[in-house]
Amino acid sequence: MTLKSIRGTKDILPADSAIWQAAEEAIRRVMMAYNYQEIRTPIFEQTSLFSRSIGELTDIVSKEMYTFLDRSEESLTLRPEGTASVIRAYVQNNLGEQSPLSKLYYVGPMFRQERPQAGRLRQFHQFGVEALGSSSPQLDVEIMLIPLEVYRSLGIKETTLFINSVGCPNCRPIYKKKLVGELQKIVNKLSPESQARLQQNPLRVLDSKDERDQLATNDVPLMKDFLCSECAAHFDGVQSALGALKIPFLINGRLVRGLDYYTKTAFEITSTALGSQDALAGGGRYDLLVEELGGKPTPGVGFAAGMERLMMVLQKTGSVQTKQRVPAVFIIGLDEQSRSWAFVKATRLRSLGIPVELDYLGRSLKAQMREANRQEAVHVLVIGDSELKSGTARMKNMKTGTEQLIELEKIEDALRSA
RNA sequence: GUGGCCAUAGUUCAGUUGGUUAGAACGCCAGGUUGUGGCCCUGGAGGUCGUGGGUUCGACCCCCACUGGCCACCCCA
């Protein structure tokens, strides 16, 4: 085999596509209930869109993007996430002028050049939403409810909602300075990785998985205790809205988002059914992003959720019913003439929306019966010389094994009443 | 990018201390009397043992490199 799919990419084969469709239907149903409208943006953009919004220093931008020059030497990038493109489209098309609040959702592929592992691919799929135009904490909660509702409707139970606040340009720098000061006091107790993080992204030291870091930072102050009054009020608003809905949640003062544009609310939904990459969805508020990308100052909240991770959980614990379409009738032709009659008839029935299958391999009666059985066809119609002459045939019900005599001109009626 | 484990029919896997024609199950195909599937029985097709080197009289087996997969780190959905 010399031609293979790219590392970290996967074919979604017919055996799996039914469950994908079921999940996508659930997503669209929830989006409709919450009144979000779909937006479809290109999967590649100018590189600078991502480097500016996500942040030059993030891992995504600094080492994970699929970036290339096109024939006119312009630097383009396969989107590593959805938000930047949606905001670009929002600004470019002046959606903010058409209505004060835009509620948008998307479903589609994203690309990051990482080492593949459980729950991580180089081309993966996300669904997500962006709500632009309101800074109400209720909207933050609405954003959390959408993925939770998708999971609930798919029968997924083992999810946990974590929330935090990452502050804003008023309070975060002050806290950051304090944190760095504290961390420097205990720097030799930190893991080597965290010592490096102290320079690049000190907030990350807090959610390190390394036991040394967790021990060492036990008493370090957290952002949520240093919020400015506006951010603190917002965080309270989020919590009370969740409380009013009786949605269980945990405050994780160490939760950090990977992308630079987040302000105030950050949240994550995890599942114990996943491996090391246990985040099913993550999101938060980004009140400065629209302005940074050249739009009017507009507050926004959103989330992104991994489709493959959803599939993993679904396969383990979910209860989705995938309805597979089976042929209502499998028409077997015994000779040339019957086969061509069957082909014409099948086409007519199919145009009425009735699923029909035929043999195209010149197979024997026995083989065709086997095929009909394998396809779980509801009925089988055997057509030969005498059937064409008499204009009638026996239609066999494959479940019960019983046959009924029908007129060939009235197959539709027979199928309907059978 | 770093590390651990792994790579044999379409699929899931066996394959003795290196030794003749590499096996099983499932799947696929054909038959088990004339035009009726499932269950059962019989037979059949299907493998450059991931790729390329090396060691050896001889390599699926040992060594090296590469590629890919799985899992973890990093990071994240």
Side-chain angles (χ1 to χ4, degrees), chain A residues 1-2 4-10 13 15 54 57-64 79-83 106-128 147 191-194 196-197 200-201 204 207-210 255-259 266-271 274-284 302-313 330 332-335 338 359 361 363-387 393-403:
Chain A
M1 195 55 194
T2 46
K4 290 194 294 190
S5 59
I6 304 299
R7 177 169 209 197
T9 68
K10 264 206 170 77
L13 298 172
I54 299 169
L57 293 178
T58 60
D59 281 24
I60 292 178
V61 171
S62 63
K63 51 190 189 197
E64 294 172 0
R79 65 180 184 197
E81 59 108 38
T83 301
Y106 60 84
V107 183
M110 308 293 164
F111 307 84
R112 310 223 283 234
Q113 187 161 185
E114 296 184 274
R115 187 87 170 239
Q117 82 181 73
R120 173 191 292 163
L121 291 170
R122 290 185 168 184
Q123 173 172 341
F124 58 104
H125 298 77
Q126 290 187 328
F127 66 97
S191 67
E193 290 85 1
S194 282
R197 278 192 276 249
Q200 289 279 325
N201 196 345
R204 277 224 166 281
D207 73 344
S208 166
K209 284 180 195 166
D210 198 297
L255 179 66
V256 180
R257 298 273 76 221
L259 297 73
F267 74 94
E268 203 163 282
I269 299 168
T270 63
S271 165
L274 290 171
S276 171
Q277 310 302 320
D278 65 350
L280 223 32
F303 78 84
M307 289 291 291
E308 281 81 1
R309 290 185 188 177
L310 171 55
M311 295 304 143
M312 287 169 75
V313 177
F330 191 108
I332 294 176
L334 293 177
D335 51 45
S338 317
D359 171 64
L361 300 174
R363 283 183 279 192
S364 66
L365 170 66
K366 178 173 180 161
Q368 291 193 58
M369 285 299 295
R370 236 193 334 253
E371 185 61 31
N373 182 59
R374 190 179 6 234
Q375 304 254 346
E376 296 182 69
V378 183
H379 301 281
V380 158
L381 208 56
V382 180
I383 304 298
D385 218 20
S386 55
E387 281 79 6
R394 285 172 309 173
M395 188 166 74
K396 179 168 187 172
N397 181 312
M398 293 294 275
K399 270 252 165 54
T400 63
T402 57
E403 295 184 336

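In the text below, chain A, chain B and the rest are named by the order of the sequence lines, each starting its count at 1.
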Fill in the blank from the handout: Here the distance between atom C1' of B:rG27 and atom CZ of A:R370, to the nearest Å, is 12 Å
Exercise for the section: Record whether the side chain of A:R197 comes under 3.5 Å of the base of B:rC75 through a donor-acceptor pair of N or O atoms. Expected result: no
Practice task
Sticking with atom C1', work out how far B:rG3 lies from B:rC26, rounded to a whole angstrom.
Solution key: 36 Å
Handout entry: Distance between P atoms of B:rG50 and B:rC13 (Å, rounded)
Key = 15 Å
Problem - Integer angstrom distance from the P of B:rG23 to that of B:rC5 - result: 31 Å
Exercise for the section: Respond yes when some side-chain nitrogen or oxygen of A:K209 is under 4.0 Å from OP1 or OP2 of B:rC73, and no when none is. Expected result: yes
Handout entry: Any A:Q277 side-chain N or O less than 4.0 Å from OP1/OP2 of B:rC76
Key = no
Practice task
Report yes if a side-chain nitrogen or oxygen of A:S276 is closer than 4.0 Å to either non-bridging phosphate oxygen (OP1 or OP2) of B:rC71; otherwise report no.
Solution key: no
Exercise for the section: Answer yes or no: is there a donor N or O on one side and an acceptor on the other, between the side chain of A:E114 and the main chain of A:E64, under 3.5 Å? Expected result: no
Practice task
Quick one: label A:G333 by what it contacts on the DNA or RNA (base, sugar-phosphate, nothing), any heavy atom closer than 4.0 Å.
Solution key: nothing
Exercise for the section: Could you work out the separation of B:rC71 and B:rU33 based on their P atoms and round it to a whole Å? Expected result: 50 Å
Completion exercise
Partner of B:rU34 under the Watson-Crick or G-U wobble criteria, both distances under 3.5 Å, comes out as none
Handout entry: Rounded distance in Å - NZ (A:K396) to C1' (B:rG35)
Key = 11 Å
Practice task
With P as the reference atom in both, quote the distance from B:rC39 to B:rC73 in angstrom, rounded to an integer.
Solution key: 45 Å
Problem - A:I60 and A:R112: CA distance, side-chain angles, deciding distance, side chain to side chain contact (heavy atoms under 4.5 Å, CB included) verdict - result: CA-CA 7 Å; A:I60 292 178; A:R112 310 223 283 234; 3.7 Å; yes
Problem - Spacing of A:L121 atom CG relative to B:rA77 atom C1', expressed in whole Å - result: 11 Å
Practice task
Calculate the interatomic distance between A:D385 atom CG and B:rU34 atom P; express it in whole Å.
Solution key: 18 Å
Problem - N/O donor-acceptor pair, side chain A:E387 with base B:rG35, under 3.5 angstrom - result: yes
Handout entry: Residue-phosphate contact under 4.0 Å: A:R394 side-chain N/O, B:rU36 OP1/OP2
Key = no
Exercise for the section: Respond yes when some side-chain nitrogen or oxygen of A:R7 is under 4.0 Å from OP1 or OP2 of B:rC70, and no when none is. Expected result: no
Practice task
Mark yes or no for a side-chain to base donor-acceptor pair under 3.5 Å between A:Q117 and B:rC76, with no hydrogen or angle criteria applied.
Solution key: no
Problem - Side chain of A:R204 - closest among B:rC75, B:rG37, B:rA30 - result: B:rC75
Problem - Pairwise C1' distance, B:rG15 and B:rU20 [rounded to whole Å] - result: 15 Å
Exercise for the section: Quote, to the nearest angstrom, the C1' distance that separates B:rG19 from B:rG44. Expected result: 30 Å
Problem - Nearest-Å distance for atom pair NZ/P, residues A:K10 and B:rG68 - result: 14 Å
Problem - Side-chain N or O of A:R120 closer than 4.0 Å to phosphate OP1/OP2 of B:rA72 - result: no
Handout entry: Distance-only donor-acceptor test (3.5 Å): side chain A:R112, base B:rC76
Key = no
Problem - Integer angstrom distance from the C1' of B:rA25 to that of B:rG46 - result: 15 Å
